[in-house]
Amino acid sequence: MALRSTDILTQTPQGLYCPLGDFHIDPVRPVKRALITHGHSDHARSGHRSVMATRETLRIMGVRYGEDFADSTQEAILQESIRIGDVTVQFTPAGHVLGSAQITIEAGGTRVVVSGDYKRAEDPTCLPYEVVPCDVFITEATFGLPVFRHPNTRAEVRKLIDSVALFPERAHIVGAYALGKAQRVMALLREEGYDQPIHLHGAMERLTELYKSEGIPLGETPKVVAAERSKLAGAIVICPPSSIQDLWSRRFPDPVTCFASGWMRVRARARQKGVELPLVISDHSDWDDLCRTIQETGAGEVWVTHGQEDALVHWCTTHGIKARPLHMLGYGDEGEAEEASAAPADAGGNA
Amino acid sequence: MNRFAALLDRLGYEPRRNAKLRLLVDYFRHTPDPDRGYALAAMTGALMFKEAKPGLIRGLVEERTDPELFRMSYHYVGDLAETVALIWPAPGHESVAPADGTPTIGHNNPPPHVPTLTEVIETLATTSKSDLPARVAGWMDALDETGRWALIKLITRELRVGVSARLAKTAVAQLGGIEPDEVELVWHGLEAPYEDLFAWVEGRGEKPESGNPAPFRPSMLSHPLEDEDFAKLEASEFLAEWKWDGIRLQAAAGRGSDGRPVRRIYSRTGEDVSRAFPDLVEALDFEGAIDGELLIVRDGRVQTFNVLQQRLNRKAVTPKLIAEFPAHLRVYDILFEGEEDLRALPFAERRRRLEALVAKLDDPRIDLSPMVPFETWEDLAAARTDPASVGAGLDADAIEGCMIKRASSPYLPGRPKGYWYKWKRDPYLVDAVMMYGQRGHGKRSSFYSDYTFGVWREGLSGEELVPVGKAYHGFTDEELVKLDRYVRNHTVKRFGPVREVEYGKEKGLVLEVAFEGLQRSTRHKSGVAMRFPRINRIRWDKPAAEADRIETLEKILERGEQEVHPLKDQEA
C-alpha cells in the first residue's frame, strides 16, 4: 500500500520535515540535517549541523555565512537519486536563481516534490525549471493572484535602456535583490546590447563575482566608489532594494529610481517605494505559470507554502485538485525577507 | 489612447507638482486636437457618459473571471480599475476561467483594434447601452495593462493620478504663457474638446467669450495653529471668528449676457454644487462672490454636522428635504462686489464691506459669522474652550474651534503662510485595544493599515472587548511599517483582507485614539460611532488590561446629548 503523503513530509515549527529520512527542507531554525533548495537567506539559513544542497547553493551559503557555516556539507548532484534513511531524494533545477533546485522525496511508491521558489520564464543565469511528475506538489505562491502576469523580461530591460538614452544627464539607480535578480538584470542588459560598465553597490559585489566565476558573462561591473558617485551621470547602478531611498542613492546626479521586481506590477507597491521607473522582472512564477506547473506535474494534491495561498488553493479546488495552505511563516512575507538581509551600503568602507 | 494612458501612468508615479505640470504641458503641446481636448475634459471632470458606467466594467470582468479570485485580487491591489486591467484575460493569455468551461473570449467581438482617445470618448458618449459591452470588451482585448487601466479610469471618471482640474487648467495656461485665472474665467463657457481654448492660448484664435458671469475664484485656506506659534504672533494684529463645523462654500452671482441673474454655489475646490442647494441659490440676491460655511439652521439654531450630513447624503433634493434640513450660509469673507475685486484689500476692510452687504441682503438664510472678541491669546483660549460663555449661545455645539485671521491679510488663493490659522478644539482621547487589521487601499494596499479597536465592557461571560471604531490614519509611515508588522506577527485568524490579532487582558496592543465626537449607532455592536477617529499614539508600553472601558464613552455621549438638547429635560 502506498504511504500517505504526511508519512513522507510533515510540518514542524522548524519547517517541512521528512520523518522517514530524518531531515528538514529549508528550515527556518537550526536543525540537525537540512536540505536546502536555494541560497536566498529566508530558505538557506545558518546554524544547521549538516547541509545538503547543490554545489552553487553551498558556495552561495559560504559567501554569505562564512565557509564554516555548517559542521558538514554534502553536494547534491542534479538528477541523481540518493538514499537518505528510508526515502530516496533527488534534486532537479527550479529556474529560480543560480543553483536553485526542487527536492523530490520518494518512498513506498509515493512521490512528493518540494519546489522551493521557482519560475518558468527565461533566465540566462541559471538552469531552466524541469517538470517532475509527482503525487504531491509543494509550491510557493508569492505571486499567486491572477493580477500577476509578468510581462516579457526583455521589454522591461529595454525600458531601462531607453530611459538611459532619454535622460543621459541622470543616473539610473536600479534596486534588485543581491542574489539572482541583480545578476539576471545584468545578463539581460548585456544580451540586449548594453555594453557600458554596470556599477555595483558594495553589497552586490561578492555574489556577482561568484556568478562570474561560474562562467556567467556579466561584463564590466565596477564597484561604486563614494567619491565618484557624482560623476555617474548616464550610468546604470545596481543596488539592494533598501538602498534606493537611502541617502546613498541621493548623491548620484538627479537619480531615476528604478526597481526590478514582480511587485512592480501593482502601482501602489511602486509608489510606496517612491519608484519612478518600475521594472516588472520577477524570479518567481506568475499566476499563469503557477497554474500551468501544477497541471503539468499531474499532482493530485498541492500544498501551498507561502505567499497568496488562498487564491491558489481556491484555483486548485475549482480544478479538481486537492489543496491546502500551509501558512508557513518565515519565508519572505511578500518578498521583503531577502531585502532585509542585504548588506550595508558601500560594504568595504567609505573609501 | 496609448499616449493618454502613458501620460496617466507617468503622472501616477510622479509626486512633484511641477513635474506633473511639465508632463501635462508636454502632452498638450505634442498631442493634436481633438485628443488633447478630450484628455483635458477627462482631467477636469467635464465628461459624462450616460450608458458607460462602472457597472459595465464589472459585468464584463465577471463574465471572464472567477468571482472569488477577483475578490481576493481586488483586496490585494486596492484599486478596482487596476485590478480589472491586470486580471483581464486578453487573447494570448492562458485561460484562467472557472473549470466549468465558460468561454473566456467573446467570439462575436470586433477584432482587436487600439482606439484613439477621441474614438473612445465619442463612442462612449454615443453608443447604445446594448452595443457598448462588445465595444468596450474589444478595446480591452486590444489594449495592454496600462491602456486597459486608463480606459477604465475614463469610464469610471475617477482618474486619481494627482491632477486637479485646477492643475490641468494651469498646464493649458502655461502652454500659452498666460495666468491660470484667465483660463478659469473663460472656462465655464467652453465645451470639450476645447479647440477654441487651445487656439486662443497658442495665439491662433480669439479669446473665447466668458460664458460664466458667476465664476469660481480659488479659496484661501488656513494653517493649523501649533502651540509654539503663539510666541511669534502678536494678538493685537489678529481678528478671530468661530470655526464652524460645516462645509466651506463660495457663493457667486452675476448677470448673464441676456441680463438675467446667474447664481452659483461652489465647493472650496471649485466644483459647482448649485443643484444640491436650490434653497440657498434662491437667496443669492446680490452681485459678487462671498465665502462662507454651509450649515443647517432650524429655528435659528445651528445643527450639528451629523444633521448636515443627512442632507448631504441624499441624492434627490425634494421640497421635504429642504423643509427638514434648511440650508444656511454663514459668511465670513467677500471676494468681489459687483465687478470690483476686493481680494487685495485688508481682511478688516473686506469684513466691513461684507457686513454692509449682509445687512442689505436681509435674508435669514444668509448671515454673518460673528467676531470673537479677545485681547490676549489667553482670552481666546478661554473662548475656544467654552464658546457659549462668549456669545455663541445655542450654536456652541456646531463650533469646532477658532479661526484666527490677520487683520491686514489680503485674500490669496491657496494656503499662504502667516495670514490665516485654524485653532481646533482639542479632540477626545481614549485608550483602546487593537482587534483587527485590514489591508489598506490605494497607496497603502497590502499594508495592514486600517485598525479596528475596542474597549472593555462587562459581557455575558465576563470582561470582553467590544469594537468601538476603526481608524486608518494619524500615524507616520514608520509607525505604519511597525503596525503592519505587529498585525502580521500577532495574527490569530484571517478573513480575506482582514486579520484578527491577539487581544485580551494579558496581551494586545493599546492604541490611543483621538476623535471629534460620538453618536449613538444601531449599526455598531457597542452602540456608539466615532467621528474622525485616528490613532493619536501607539501605546507599546501600556498593558491591554488598562485600556479604557465603554463607560468612558457613555459619559462623553451623555454630556454631548445634554449640550445638543439643553431643553430636553424641561420639555420632558
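Numbers restart at 1 for each chain; the letters A, B, ... are given by sequence-line order, proteins then strands. Keep in mind that what you see is a predicted model, and the values were worked out from it rather than measured.
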Proximity breakdown for [X] and chain A, heavy-atom pairs closer than 4.5 Å:
X        : result
B:Thr491 : neither
B:Asp9   : both
B:Arg494 : side chain

What is the minimum heavy-atom distance between B:Asp66 and A:His314, and which atoms define it?
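It is OD2-NE2, 2.9 Å.
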Closest approach of A:Val313 to A:Ala323 (non-hydrogen atoms, all atoms of both residues)
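Closest heavy-atom pair between A:Val313 and A:Ala323: CG1-O, 3.9 Å.
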Out of A:His327, A:Arg265, A:Glu276, return the one with the most heavy atom pairs under 4.5 angstrom to chain B.
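Option with the greatest count: A:Arg265.
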Inspect the contact between A:Asp289 and A:Arg292 and indicate whether a charged nitrogen and a carboxylate oxygen are less than 4.0 angstrom apart.
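A salt bridge is present here (some side-chain N lies under 4.0 Å from a carboxylate O).
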Answer yes when B:Arg71 and B:Glu68 have at least one side-chain N-carboxylate O distance shorter than 4.0 Å, and no when they do not.
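B:Glu68 and B:Arg71: salt-bridged.
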Quick one: side-chain contact (heavy atoms from CB on, under 4.5 Å) partners of A:Thr153, sequence neighbours excluded?
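A:Arg184, A:Leu188, A:Ile281.
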Side chain from CB out, backbone as N, CA, C, O: work out which of these in A:Pro151 comes under 4.5 Å of a heavy atom of chain B, or both, or neither.
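Contact with chain B: none, neither part.
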